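Inspection log for the structure reproduced underneath, given as structure tokens.
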Amino acid sequence: MAQGLVDLGWRGAVGGEAPDLVLVNTCTVTARADQQARQAIRRQARECPGAPLFITGCYAQRAPAELMALQGVTAVLGNREKGNLPQLMSHFAPDGPPLVRVSGYSPGEPFQAWQVRHFPGQTRARLKVQDGCNHACAYCLVPQVRGPRRSLEAKDVAAALKDLGQQGYQEVVLTGIDLGQYGQDLSPASSLAALLGRLANRSWPFRLRLSSLEPQEITSELLQALTAFPGLCPHFHLPLQSGSDPVLRAMRRPYRAQDFKNVVRELNRAFPEAALGLDILVGFPGESTADFTATYDLAASLPISYLHVFPFSPRPGTPAASLAPLPAPEVRRRASALRNLGWRKKLEFYQSQVGRMGEVLVEGPGLETGWLQGLSANYLRVILPGPPDWRNRRVRVRFQKVQGESLLGELMEPLE
């Protein structure tokens, strides 16, 4: 959205400069996300009085009237209207009536191809190749606020990747709401495996990383495509949500605990050095102590490297919203136990990498002079000595020791 405005002659406000427009892009996946969005909106209204305040994103799609009622809000735009922001701004009158543009999604919704060309201050580019979701998880609003699944044509994916490579990005992350469903809406139907197979036929000047994948979508065909792709970052993020079969059924998740365990072990066999992260939704209504224990024990038994833990948050309009919630203190206790497990898993993973070598993308200077920080292909935070002009370079390092929440790296090969 910022890029579209810049193309029309706008520029980002810097320092203490008073903005002529404030744009807040919101999430609504949890009640906490809603709360953070409201806090951000109120803060911007206080700090930028008189500037038009535009709200968009998934919270805007779900509850436009709720946001329009907040003090200082000038306009609320839905997700489909995001792409029209530059055009809307060209007709916007600051002294005119409030602007509310929120429309729903149709079954044959086309993919909105917004290729972002620049990521200021970042060394990793992101390319959105899929949007929407056709699942019906009992707790989730995503299909309502993001619409049905839809995909970017493979030729357009290749063209966008070529452009990002020419701009010098050393890593590109393929993203999507349900990335594993890529291509199923296209004609003829395709798949993520087919896309990777097509992209693997070309030489790219960057490494490729994938965003989250649903476990049931990691097929043998996709595993084969992943292992055959040169420059693929060995890092996979999977939503487990629960390790209890009764809770998974209540959540309307299309797999069972043993299925998930099998997928993780297949990934670990194919990519023994990979970072494997999980999402867990704790405190779903009806989750018993035994259900929680099953989730904890499953996560503890798997070769994973980190956990993202989310306490259940009832979302209006979902089947789970009408279910009786668990006591909040118990949900917090369970979430805390899982987060502690996640920290231990992360530390164990970092310690397992000591003495090994890996490729690190230097992201910029570290906290101390003469030091740099970066990210390894397998998702390790790394610090290493070096000058600032190494930024946006991929270097080969040996991991020497765990230092705080990072690994200390030693350069193994001279830079060209």
Side-chain angles (χ1 to χ4, degrees), residues 119 121-126 169-174 205-213 226-227 229-238 264-265 267-280 299-309 338-416:
F119 297 83
Q122 300 183 43
T123 54
R124 290 193 290 164
R126 295 179 300 280
Y169 286 103
Q170 295 297 300
E171 179 178 315
V172 178
V173 186
L174 294 186
F206 49 75
R207 64 191 192 188
L208 194 73
R209 193 181 300 271
L210 301 182
S211 65
S212 181
L213 293 169
L226 292 170
T227 56
F229 195 95
L232 181 80
C233 292
H235 168 213
F236 305 99
H237 189 90
L238 312 176
V264 169
R265 288 180 171 168
L267 280 170
N268 185 247
R269 276 194 287 268
F271 299 92
E273 300 300 316
L276 295 172
L278 307 184
D279 286 337
I280 296 181
S301 72
L302 295 174
I304 59 175
S305 52
Y306 64 91
L307 293 176
H308 287 175
V309 179
L338 282 168
R339 288 179 178 134
N340 288 336
L341 173 63
W343 279 114
R344 293 197 300 274
K345 285 287 191 178
K346 181 178 179 180
L347 180 59
E348 290 171 4
F349 180 59
Y350 272 55
Q351 289 173 334
S352 74
Q353 301 299 301
V354 172
R356 301 178 188 239
M357 292 195 298
E359 181 191 83
V360 173
L361 172 58
V362 178
E363 297 178 322
L367 297 178
E368 299 181 13
T369 303
W371 287 85
L372 304 170
Q373 60 183 341
L375 189 69
S376 73
N378 62 339
Y379 209 57
L380 299 161
R381 281 285 155 201
V382 180
I383 55 174
L384 68 155
D389 62 3
W390 284 9
R391 183 182 183 276
N392 200 39
R393 285 182 152 178
R394 286 148 63 191
V395 297
R396 189 80 173 162
V397 304
R398 184 187 302 279
F399 304 125
Q400 295 180 304
K401 66 177 181 178
V402 178
Q403 188 163 310
E405 295 183 20
S406 302
L407 277 172
L408 179 65
E410 174 192 13
L411 186 69
M412 295 304 297
E413 297 176 3
L415 295 175
E416 296 179 357

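Note that the structure is predicted; figures quoted are calculated from it, not measured. Along the sequence shown, residues are numbered consecutively beginning with 1.
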Would L267 and L238 count as a side chain to side chain contact (heavy atoms under 4.5 Å, CB included) here? Give the steps.
CA-CA 11 Å; L267 280 170; L238 312 176; 3.9 Å; yes
(request) Could you give me the CA-CA distance, side-chain angles and deciding distance for V360 and F399, then say whether side chain to side chain contact (heavy atoms under 4.5 Å, CB included) is met? (result) CA-CA 10 Å; V360 173; F399 304 125; 4.1 Å; yes
Discussion item. Pair L302, L278 - check side chain to side chain contact (heavy atoms under 4.5 Å, CB included), show working.
Written reply: CA-CA 10 Å; L302 295 174; L278 307 184; 4.3 Å; yes
*asked:* Checking L307 against K345 for the side chain to side chain contact (heavy atoms under 4.5 Å, CB included) test, could you report, in this order, the C-alpha distance in whole Å, the side-chain angles of both residues, the deciding distance, and whether it holds?
replied: CA-CA 8 Å; L307 293 176; K345 285 287 191 178; 5.6 Å; no
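Residues W390 and L411 are in side-chain contact: their nearest non-hydrogen atoms beyond the backbone lie under 4.5 Å apart. Put simply, the side chain of V173 reaches to within 4.5 Å of the side chain of R124, judged on heavy atoms. Taking 4.5 Å as the limit, every side-chain heavy atom of Q373 sits out of range of all side-chain heavy atoms of S406. Taking the side chain as every heavy atom from C-beta outward, L372 and V395 never approach each other to under 4.5 Å. By the 4.5 Å heavy-atom criterion applied to side chains, L407 and V354 are counted as neighbours. In this structure, the side chains of L375 and Y379 come closer than 4.5 Å at one or more pairs of heavy atoms.
Salt-bridge check for R381 with E405: failed, with every basic side-chain N at 4.0 Å or more from each acidic carboxylate O.
The structure places SG of C233 at 12.0 Å from CG of L226, a figure rounded to the nearest 0.5 Å. Atoms CD and CZ, from Q400 and R398 in turn, are 8.5 Å apart once rounded to the nearest 0.5 Å. Expressed to the nearest 0.5 Å, how far CD of E348 lies from CD of Q353 amounts to 12.5 Å. Taking CG from N392 and CD from Q122, the interatomic distance works out to 11.5 Å, rounded to the nearest 0.5 Å.
Taking each heavy atom of E273 and N378 in turn, the nearest pair found is O-ND2, 2.9 Å. For A270 against T227, the heavy-atom pair with the smallest separation is CB-CG2, 3.8 Å. Nearest heavy-atom pair across A377 and P234 is O-CD, 3.7 Å. Looking at every heavy atom in both residues, A299 comes nearest to L341 through CB-CD2, 3.9 Å. Listed here is the closest heavy atom pair of V264 and P303: CG1-CD, 3.8 Å.
The six-membered or imidazole ring of F271 lies away from that of H235, with a centre-to-centre distance of 6.0 Å or more.
Checked by atom type and distance alone, the side chain of Y169 pairs as donor or acceptor with a backbone atom of F119 at under 3.5 Å. The main-chain N or O of L232 is never found under 3.5 Å from a side-chain atom of R207 such that the two would form a donor-acceptor pair. The main-chain N or O of H237 is found under 3.5 Å from a side-chain atom of S212 such that the two form a donor-acceptor pair. Using modelled atom types, no side-chain atom of E359 and backbone atom of R396 make a donor-acceptor pair closer than 3.5 Å. Checked by atom type and distance alone, the side chain of R391 pairs as donor or acceptor with a backbone atom of E363 at under 3.5 Å. R339 contributes a side-chain N or O that, together with a main-chain N or O of V309, makes up a donor-acceptor pair within less than 3.5 Å. Panel note: side chain S305, backbone K346; no donor-acceptor pair is recorded below 3.5 Å.
In the displayed structure, W371 atom CH2 is contacted under 6.0 Å by more than 12 heavy atoms of other residues, nucleotides or ligands.
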